[in-house]
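We name chains A, B, ... by the order of the sequence lines, and we start the count at 1 in each one.
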Amino acid sequence: MNLIGEHRLSLGVCYYPEHWQEDEWEKDLQRMLENGIRTVRIAEFAWNRIEPEEGVFDYSFFDRFLDVAEKAGMQVIFCTPTATPPAWLTKKYPEVLNATMEGVVYQHGFRRHYNYNSPKYQELSRRIVGRIAAHYASRPCIVGWQIDNEFNCEVAEFYSDCDVAAFREFLKKKYGTLDALNKAWGTVFWNQTYTAWDEVDVPRATPTGRVNPHRKLDFYRFISDSACRFAKIQSDILRRYVKKGDFITTNGIFGNLDSHRMTEESLDFMMYDSYPNFSYCHGLYHKEDPTKDRNWSKHLSEVRSISPLFGIMEQQSGANGSMEMMAPVPRPGQMTLWTMQSIAHGADFVSYFRWRTATMGTEMYWHGILDYSGRDNRRLAEVKEISEKLDCMKGVAGSRYEAKVAVLRDYDNSWNGQADVWQRKLDETSIWGLFQACQYTHTPYDYVYIDHCGKKELDPYQVVFYPHGAILTKERAEILRHYVEQGGTLVLGCRTAFKDIHGICVTDPLPGLLRELAGVDIPEYTVVAPDTGVVKAKWGDTELDTMLFNDQLTAVDGAEVAAEYTDGYYRGAGALVCNHAGEGSVYYYGSVFTADVAQIFLEKLGAAEPYAKMIEAPEEVEVAVRGCLFVLNYSGEEKVITLHQKLRNVYTGKEETGAQTLSGYETRVYES
Amino acid sequence: MNLIGEHRLSLGVCYYPEHWQEDEWEKDLQRMLENGIRTVRIAEFAWNRIEPEEGVFDYSFFDRFLDVAEKAGMQVIFCTPTATPPAWLTKKYPEVLNATMEGVVYQHGFRRHYNYNSPKYQELSRRIVGRIAAHYASRPCIVGWQIDNEFNCEVAEFYSDCDVAAFREFLKKKYGTLDALNKAWGTVFWNQTYTAWDEVDVPRATPTGRVNPHRKLDFYRFISDSACRFAKIQSDILRRYVKKGDFITTNGIFGNLDSHRMTEESLDFMMYDSYPNFSYCHGLYHKEDPTKDRNWSKHLSEVRSISPLFGIMEQQSGANGSMEMMAPVPRPGQMTLWTMQSIAHGADFVSYFRWRTATMGTEMYWHGILDYSGRDNRRLAEVKEISEKLDCMKGVAGSRYEAKVAVLRDYDNSWNGQADVWQRKLDETSIWGLFQACQYTHTPYDYVYIDHCGKKELDPYQVVFYPHGAILTKERAEILRHYVEQGGTLVLGCRTAFKDIHGICVTDPLPGLLRELAGVDIPEYTVVAPDTGVVKAKWGDTELDTMLFNDQLTAVDGAEVAAEYTDGYYRGAGALVCNHAGEGSVYYYGSVFTADVAQIFLEKLGAAEPYAKMIEAPEEVEVAVRGCLFVLNYSGEEKVITLHQKLRNVYTGKEETGAQTLSGYETRVYES
Amino acid sequence: MNLIGEHRLSLGVCYYPEHWQEDEWEKDLQRMLENGIRTVRIAEFAWNRIEPEEGVFDYSFFDRFLDVAEKAGMQVIFCTPTATPPAWLTKKYPEVLNATMEGVVYQHGFRRHYNYNSPKYQELSRRIVGRIAAHYASRPCIVGWQIDNEFNCEVAEFYSDCDVAAFREFLKKKYGTLDALNKAWGTVFWNQTYTAWDEVDVPRATPTGRVNPHRKLDFYRFISDSACRFAKIQSDILRRYVKKGDFITTNGIFGNLDSHRMTEESLDFMMYDSYPNFSYCHGLYHKEDPTKDRNWSKHLSEVRSISPLFGIMEQQSGANGSMEMMAPVPRPGQMTLWTMQSIAHGADFVSYFRWRTATMGTEMYWHGILDYSGRDNRRLAEVKEISEKLDCMKGVAGSRYEAKVAVLRDYDNSWNGQADVWQRKLDETSIWGLFQACQYTHTPYDYVYIDHCGKKELDPYQVVFYPHGAILTKERAEILRHYVEQGGTLVLGCRTAFKDIHGICVTDPLPGLLRELAGVDIPEYTVVAPDTGVVKAKWGDTELDTMLFNDQLTAVDGAEVAAEYTDGYYRGAGALVCNHAGEGSVYYYGSVFTADVAQIFLEKLGAAEPYAKMIEAPEEVEVAVRGCLFVLNYSGEEKVITLHQKLRNVYTGKEETGAQTLSGYETRVYES
């Protein structure tokens with residue numbers, strides 16, 4: 001496939017020919033190529049350039065651009081323009097617009113204001129995508145296609161009349177009868193029973209704003225289904241036209257969207273949009289949190305769970321900033337660091353956002369490589385250096401990220417957590433704690449989506465964490481049993497398996513479907529009160545700080561209590577139970593995985609520091625192996641690593657061993 | 001009357017037969033009875049079970065349940081189901097729905113989404129209530145009826161078209177003419193004069209969202225009136241059918257509702273829903289506040305002001321938690337503590353919420369006695385112990401809580417405070433300060449609603465506080481004068497009596513109608529600036545920290561300045577004036593009653609520690625006398641009390657004297 | 001002109017004859033006159049008193065009042081009543097109402113709920129203003145007219161249907177063609193191109209709520225234009241009727257309104273509403289900020305930029321407080337202090353708000369001189385003392401405030417900052433820092449609006465700051481060039497001149513139009529990350545703490561780098577460049593003017609403490625010269641000043657020299 005899995009790492013850039021004078025195009029493309037950029041993405045917000053009025057198509061603008069690209073030898077990713085419907089369209093067909101829960105219809109003036117379910121929007125989208133594909137797909141410079149842009153970004157809930165109608169269809173198809181729906185949603189509670197399909201609505205304003213949580217869960221599933229169907233409409237059309245070797249993708253991972261399904265159904269692979277300095281925005285900045293941009297390694301692990309090899313469609317190259325957001329420009333070295341972060345985690349292609357900063361519109365503070373003036377600068381020079389480094393990195397493209405630890409996730413529990421603060425707080429704490437512990441102990445891990453995996457996919461992992469799989473099905477329980485029996489070590493957290501697929505609590509003793517496998521019974525549990533804060537437990541000589549939630553465990557069927565609470569009224573109750581099944585073991589831990597607790601598990605289970613024989617590194621430095629050994633210093637300060645064997649630095653071609661001083665933000669890549 | 005005033009304390013539980021398999025009912029009721037539970041409440045959210053479609057009635061479901069109850073010997077409280085209209089109803093008659101101030105109509109999916117004033121909803125409610133009463137009222141197991149469920153819970157403002165029409169009728173009836181309304185609302189201010197009735201609306205969106213405060217006050221009165229009228233519709237129907245001895249009640253105390261009036265008009269007594277661990281939710285948790293669950297003693301004093309003897313319809317028995325709220329499970333002993341708290345303050349009947357935790361719907365984290373599995377657990381065992389304790393407590397049921405201190409309240413000032421931050425801050429501070437001081441000095445007190453009391457009702461009290469009665473009428477002034485002249489001690493706080501019943505400020509010298517009684521003149525007053533914080537005053541040798549607001553007092557007509565400000569530009573002005581009238585005294589204090597200040601008043605006026613000769617207890621322990629002496633340790637730690645005389649412990653039957661160590665959350669009840 | 005520039009300072013008061021009994025009028029006016037008040041403002045919320053129903057006019061009420069005023073010898077400012085349309089009007093013509101962005105229409109019940117663009121409201125306003133003017137304008141007691149009341153107070157955005165239509169007309173007139181509009185708004189970004197005028201709307205709900213920033217900028221301009229046109233409608237009518245010498249004014253400065261234009265087009269001068277204790281409200285109170293009420297000197301400098309001589313229509317005389325706001329009453333001396341603050345900054349007339357506190361309505365806690373009872377009090381006595389002081393202050397009325405420093409502002413950049421956090425944060429920091437530094441160094445300064453000034457208006461100033469003029473035009477660049485070449489010292493801050501008048505970024509090297517004048521090139525810039533906080537720079541021996549934003553400067557065309565950054569990755573880059581042009585100098589500073597930095601500039605440029613030879617004062621004391629020397633102690637504590645020469649105290653007539661102790665809040669005025 002072009003760009004991904006090609007056995008060559010390469011760079012690209014996002015370019016907006018419509019924002020600049022045509023006579024600048026050729027010079028721009030030449031400068032890109034001179035600086036190591038071989039691919040441009042175009043046209044994702046350009047519906048008007050091709051269909052300036054309804055039914056009138058004019059291909060000349062991008063024909064001229066593609067002529068220039070072909071002349072220059074530039075590769076092109078062409079996009080469908082459905083993320084931003086023209087003003088004439090939304091004015092004439094307001095039913096295509098999305099709305100708020102209260103019924104306020106979003107109007108023209110931003111982007112992503114349309115809904116996926118409007119028959120009219122689907123019709124007009126089909127037509128523009130078909131016309132574009134028919135006209136441009138044979139152009140030799142084109143290497144791939146992007147569908148729409150950032151599905152579900154900014155707004156991931158849909159309340160238009162078209163969505164109401166489609167939600168009813170979705171439910172009819174899913175449940176067949178109202179009786180089945182009433183049962184699945186537990187509508188007997190609070191007299192919510194539906195007696196006619198037209199009583200069923202998307203979630204709406206209520207006193208307190210809350211609605212039945214099972215209905216909400218199905219609403220999120222419906223939104224995901226809507227986006228997937230809309231993407232597939234486009235992908236099905238594109239498939240009829242794209243040249244052999246050209247790929248179909250889309251970019252970004254956003255809420256209420258099963259990106260695994262969308263990728264399976266419609267894409268060749270996923271592309272991600274990586275902006276590590278978002279860590280300064282949207283309330284994400286906390287003085288005491290050292291991970292900041294490094295947190296994007298977590299996000300990239302999510303991408304890898306969808307597409308083991310992927311691309312970065314938008315890699316940060318300047319300050320991010322909408323009109324309401326301020327973030328610093330990447331410091332010298334950070335563009336390299338973030339590019340290597342993306343590659344270390346599975347990217348074969350990295351495209352920067354964007355060539356030159358827009359001088360107008362909502363994103364004029366969203367800086368590209370070049371500033372408004374377009375003149376040469378420090379960041380363009382760094383792009384060139386990066387491209388030279390990539391040319392030295394043989395054996396990375398097409399290879400897989402190495403991990404012996406997996407963390408299980410699934411959409412049901414994620415979406416359930418959106419309407420459920422109990423689930424959400426546990427999830428957030430453990431996802432974050434496991435990430436931190438793995439990073440600080442240089443323990444690479446994968447996310448695996450249990451709702452998108454087969455029985456064998458866990459086999460390669462030494463240790464698998466499934467922190468708080470509240471919703472569990474028989475199929476998923478079977479995958480876990482298989483993994484353990486084959487010799488795996490499964491670690492479960494509190495609140496596991498107490499709900500069915502509709503989010504309804506099971507009446508079997510907890511942990512429900514996993515009771516036997518885990519050898520655990522849970523006669524009592526409690527939220528940990530904020531004035532209690534921490535409840536201590538003891539695992540051999542090691543003290544565990546449990547918090548937020550405590551399942552109080554007893555061991556059954558031959559399992560053993562490995563740790564007991566040592567505090568409070570349930571002092572002596574089990575905090576951790578270990579069971580053996582087949583060749584493997586299961587640990588059921590009655591609380592959350594903070595970074596400290598997670599690190600104890602990694603160490604006790606022998607999973608921490610898998611590359612300790614090769615390299616010793618301080619906490620600030622990430623270590624990853626993908627074809628080569630990547631060493632990434634996220635700190636602005638000098639950091640010393642120690643190589644315990646001779647390794648060839650692929651940037652310089654020289655062998656290194658012993659203590660090595662990395663300057664602030666420095667990266668090293670070694671042949672491993 | 002059944003359950004209340006029966007000379008027997010008893011336990012109940014909320015049960016939802018529609019949530020469980022019918023074949024479990026009998027076993028459930030048997031287990032309840034075995035554990036001391038003699039009454040169940042049912043059917044408050046079950047409209048659909050009786051009227052599954054419009055006009056089609058089917059009584060068989062609850063007939064079967066009542067058969068089982070009667071066979072088991074279980075008593076039943078039956079509810080009217082109007083809190084949750086069926087989906088078919090709101091779909092067909094959307095005019096029954098409530099709306100936001102901005103006009104967004106609440107939709108099906110939560111509860112309490114209806115409005116009280118829709119003629120159609122009144123008609124359908126009349127019919128379902130009449131049918132239910134006609135069918136079930138004669139059943140022998142039924143002991144009482146609950147109307148609707150938690151009036152005004154979650155949303156206590158109403159903006160539907162039906163409410164607009166009813167508001168106009170309410171005002172026509174109240175004022176007769178627009179001239180009278182214009183005068184009462186002071187509409188000459190900002191040219192708000194109404195010239196036709198259809199110009200008058202419920203409060204609506206305005207720039208800043210503020211509206212005329214007198215209009216707002218009448219709007220709150222209208223909402224209360226609407227709820228009271230709606231309850232009376234149901235009560236009038238029920239009265240026609242209920243068996244002799246069966247009671248009519250409703251549950252909970254919520255905003256914008258004169259529960260005294262509703263009880264007088266429609267109920268036999270009030271029931272309360274007591275969830276002390278709400279102290280961890282809704283932003284109520286503050287690390288440094290030690291009262292937490294003990295704060296519910298304040299709420300129970302409010303209930304007692306309505307019904308001196310009352311029931312608890314929902315007593316917390318598990319973790320409270322909606323999908324957006326997390327709280328811990330009651331710790332061992334806390335269910336007993338909270339039950340005794342309810343009983344000490346006047347409850348004869350305590351019904352736990354709920355038997356078994358719902359496995360579905362919005363409240364599936366709102367835990368009952370039993371968890372999802374329904375198996376025996378620690379909390380059920382504690383219920384049984386409680387029932388055994390209650391059996392020992394002779395002489396409590398039917399007896400009255402003892403208090404020599406009263407705190408006056410009234411709805412006019414409470415509702416006025418909702419739209420008035422000056423009033424609200426003073427009220428909150430003093431209500432809270434008086435509660436804390438009384439608790440810490442073991443000084444029981446009653447709330448008395450002056451708008452619902454006669455001349456004699458204050459006679460029993462040694463000291464009466466009326467903290468900030470801004471709105472005062474001649475009738476209420478007369479009650480106060482009578483109380484003082486008969487020998488009482490009345491304590492007033494700043495901002496007393498400066499408004500008439502419409503909330504319009506009086507032009508007489510302040511404190512208006514109480515000037516003569518209090519012997520006070522107030523030539524100046526001020527908000528205390530936040531950078532000033534505290535202004536000192538001196539009362540004899542005692543220093544008072546005044547704050548928030550300072551009336552600057554002079555004594556008139558023979559009264560005396562008892563304390564002077566010693567700080568700031570009004571150093572030397574009166575902070576406290578004492579006057580004598582008839583046999584009694586009036587203290588006008590120019591500021592708010594913080595806990596420290598309130599304690600000084602209690603001590604100076606000889607009202608603190610009325611049981612000091614009998615018992616000495618630390619601050620963490622509440623002391624109350626109702627038939628017996630209740631000693632309640634809210635702390636999780638051991639606390640030592642000292643009995644200064646021999647007292648019989650009713651749990652054990654043994655006599656105790658001297659130092660007694662109570663374990664964490666322990667309660668003791670002594671014959672007194 | 002009456003009251004302003006009359007060579008006599010005078011006092012007034014706001015009076016509401018409609019709020020009180022007619023038989024109190026005469027006594028009230030007599031008491032005012034006895035206490036030094038010579039003018040009353042009336043009728044601004046009294047539409048109903050003159051037109052109680054549509055088309056029915058009755059002038060008798062104010063005729064009677066004016067008779068009383070004339071008899072008493074009281075001067076009157078008469079107001080047009082358009083700020084509060086009658087209920088009959090908004091009920092019959094709902095199109096006159098304003099609405100929220102989401103389309104919720106504001107209803108009767110507050111004030112300022114109308115929109116400026118409704119043809120019907122304009123028609124009815126024209127009629128009532130015409131009738132009032134025709135009937136009352138010849139009354140001898142009238143000295144001036146106020147149009148409406150506080151334009152754009154409370155709500156300064158307009159979304160009614162009438163506004164949508166008017167916005168389209170505004171744009172058609174401004175741009176002529178959609179092509180021009182599309183270009184000015186950069187609609188090619190995100191496919192926002194308009195293809196028909198009816199696609200163009202006021203900003204509306206979008207995902208995230210954001211819209212095109214250039215559209216937003218024009219929307220703010222449109223709102224200002226709407227208000228100016230509405231004021232001019234009234235002013236044009238009034239001009240036809242007002243007696244010779246009577247003035248036309250309006251009161252207050254609020255958002256989205258070019259008060260300079262409104263004054264130029266429609267008024268004789270501006271009046272301001274000065275409530276220094278707002279510093280305790282609206283979240284403005286910060287314990288550590290010492291400026292509080294002194295901050296109003298900043299606001300008064302804004303007023304002076306519009307009208308060098310002005311009036312105060314509402315000067316605080318009691319506690320400010322709506323129902324949601326609490327502030328203390330002015331302490332003894334503060335009314336004098338704030339009156340002198342107003343006069344020192346350019347007021348010839350000071351009218352207190354209000355005579356007696358309203359007993360009803362939304363502002364019943366907004367206290368006047370007198371409390372509800374109307375009896376004599378401390379504040380009235382202070383008014384009398386003030387009037388006696390004013391009588392001694394010869395040579396102040398009609399004279400100008402002296403300043404050698406100016407700070408440039410303009411509406412384009414202010415409004416741009418509303419939708420742009422980058423601009424807003426810089427502006428707020430520098431405006432605040434410059435104010436503080438000037439106050440603490442006793443350096444009077446003027447605001448000059450560069451969009452309302454000619455070439456010569458900067459000539460009198462020794463130093464001119466233009467902190468962050470992002471939007472710059474050729475005309476404004478020319479004014480700056482002229483100022484410098486004539487010998488001025490111009491100081492620019494970061495982010496200067498990178499946008500055109502539409503807010504579109506320039507593609508020339510920065511700082512765009514000022515590159516040559518400033519001798520600066522800006523190859524790089526960055527937001528300063530919050531974890532960096534401060535970046536040090538060195539200006540000679542002085543250390544500058546730069547923050548928030550850093551332009552990284554190089555000097556060009558003979559300019560010199562005066563300060564370099566000494567921190568971080570751009571250590572060594574220019575932080576300050578100095579250039580010479582003609583007789584003057586330009587300093588381009590790459591960051592913001594915090595108080596410390598601003599003080600360094602004032603000192604290095606020789607502008608600080610211009611009256612040091614005459615007076616030495618501590619930081620808490622403001623020094624201003626307007627006809628006389630004003631010395632204002634904002635602290636509640638005693639402060640010592642030192643007079644370096646003999647000066648006559650105009651209050652006492654005595655000469656003073658050397659150390660003088662001012663008591664808390666004391667003011668002194670010396671002949672200078």
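Contact count versus chain B (heavy atoms, under 4.5 Å) is highest, among C:A327, C:G321, C:A46, for C:A327. Taking chain B as the reference chain and counting heavy-atom pairs below 4.5 Å, the highest number among C:R112, C:H113, C:E102, C:H19 is found for C:H19. Counting heavy-atom pairs closer than 4.5 Å to chain C, the top residue among B:P530, B:G209, B:G103 is B:P530. For chain C, the option among B:Q423, B:H502, B:E524 with the highest count of heavy-atom pairs below 4.5 Å is B:E524. Among the candidates C:Y106, C:F45, C:Y16, C:F110, the residue making the largest number of heavy-atom pairs closer than 4.5 Å to chain B is C:F110. Most heavy-atom pairs under 4.5 Å with chain B: of the set C:R331, C:R379, C:K292, C:E53, this distinction falls to C:R331. Counting heavy-atom pairs under 4.5 Å between each of C:T90, C:N377, C:V104 and chain B puts C:V104 at the top. Of all the listed residues (C:C153, C:A358, C:P81, C:A87), the one sharing the greatest number of non-hydrogen pairs under 4.5 Å with chain B is C:A87.
Summarising the geometry, atom CD1 belonging to B:I522 is positioned 10.5 Å from atom CG belonging to C:D371; distances are rounded to the nearest 0.5 Å. With rounding to the nearest 0.5 angstrom, the OG atom of C:S373 is 9.0 Å from the CG atom of B:D508. To the nearest 0.5 angstrom, C:L370 atom CG is 12.5 Å from B:T507 atom OG1. Here CZ of B:F498 is found 11.5 Å from OG1 of C:T359. Values are rounded to the nearest 0.5 Å. One distance of note links CG of C:L97 with OG1 of B:T206; it measures 11.5 Å at 0.5 Å rounding. Interatomic distance, C:R111 CZ to B:T208 OG1, rounded to the nearest 0.5 Å: 9.0 Å.
There is no side-chain donor-acceptor pair under 3.5 Å between B:T193 and C:R49.
For the residue pair C:V329 and B:T526, the shortest heavy atom distance occurs at N-OG1, 3.0 Å. Contact between C:E18 and B:V188 at its shortest, heavy atoms only, is O-CG2, 3.6 Å. Here the shortest heavy-atom pairing between C:M323 and B:P213 reads CE-CB, 3.7 Å. Residues B:A419 and C:E324 share a closest heavy-atom pair of O-OE2, 4.3 Å. C:G109 and B:R215 get closest at one heavy-atom pair: CA-NH1, 3.5 Å. For B:A529 against C:P328, the heavy-atom pair with the smallest separation is CB-CG, 3.6 Å.
Of the two parts of C:E363, the backbone and the side chain both hold a non-hydrogen atom closer than 4.5 Å to a non-hydrogen atom of chain B. Proximity to chain B (any heavy atom under 4.5 Å) is shown, for C:S322, by both the backbone and the side chain. For C:D289, no part lies under 4.5 angstrom from a heavy atom of chain B.
A donor-acceptor pair is defined here as one N or O able to donate and one able to accept, closer than 3.5 Å; such a pair exists between the side chain of C:H108 and the backbone of B:Q192. Between the B:N191 side chain and the C:N48 main chain, a donor and an acceptor come within less than 3.5 Å of each other. When atom types are taken as modelled, the side chain of B:H214 and the backbone of C:G361 share a donor-acceptor pair closer than 3.5 angstrom.
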| query | After noting the C-alpha distance and the side-chain angles of B:V421 and C:M325, does the key distance pass the side-chain contact (heavy atoms from CB on, under 4.5 Å) rule? | reply | CA-CA 7 Å; B:V421 72; C:M325 188 195 297; 5.5 Å; no
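Legend: salt bridge (Lys or Arg N to Asp or Glu O under 4.0 Å) pairs involving residues 497-506 of chain B, not counting sequence neighbours, sorted by first then second residue: B:D420-B:K499. Applying the salt bridge (Lys or Arg N to Asp or Glu O under 4.0 Å) test to pairs two or more places apart or on separate chains, none has a residue in residues 422-433 of chain B.
Of residues 276-288 of chain C, those residues lying under 4.5 Å from chain B by any heavy-atom pair are C:Y280, C:Y285, C:K287. Of residues 196-205 of chain B, those residues with a non-hydrogen atom less than 4.5 Å from any non-hydrogen atom of chain C are, in numerical order, B:D198, B:E199, B:R204, B:A205.
Using a 4.0 Å cut-off between a side-chain N of Lys or Arg and a carboxylate O of Asp or Glu, B:D521 and C:R375 qualify as a salt bridge.
Contact annotation: the side chain of B:I504 never approaches that of C:M364 to less than 4.5 Å [non-hydrogen atoms, C-beta and beyond].
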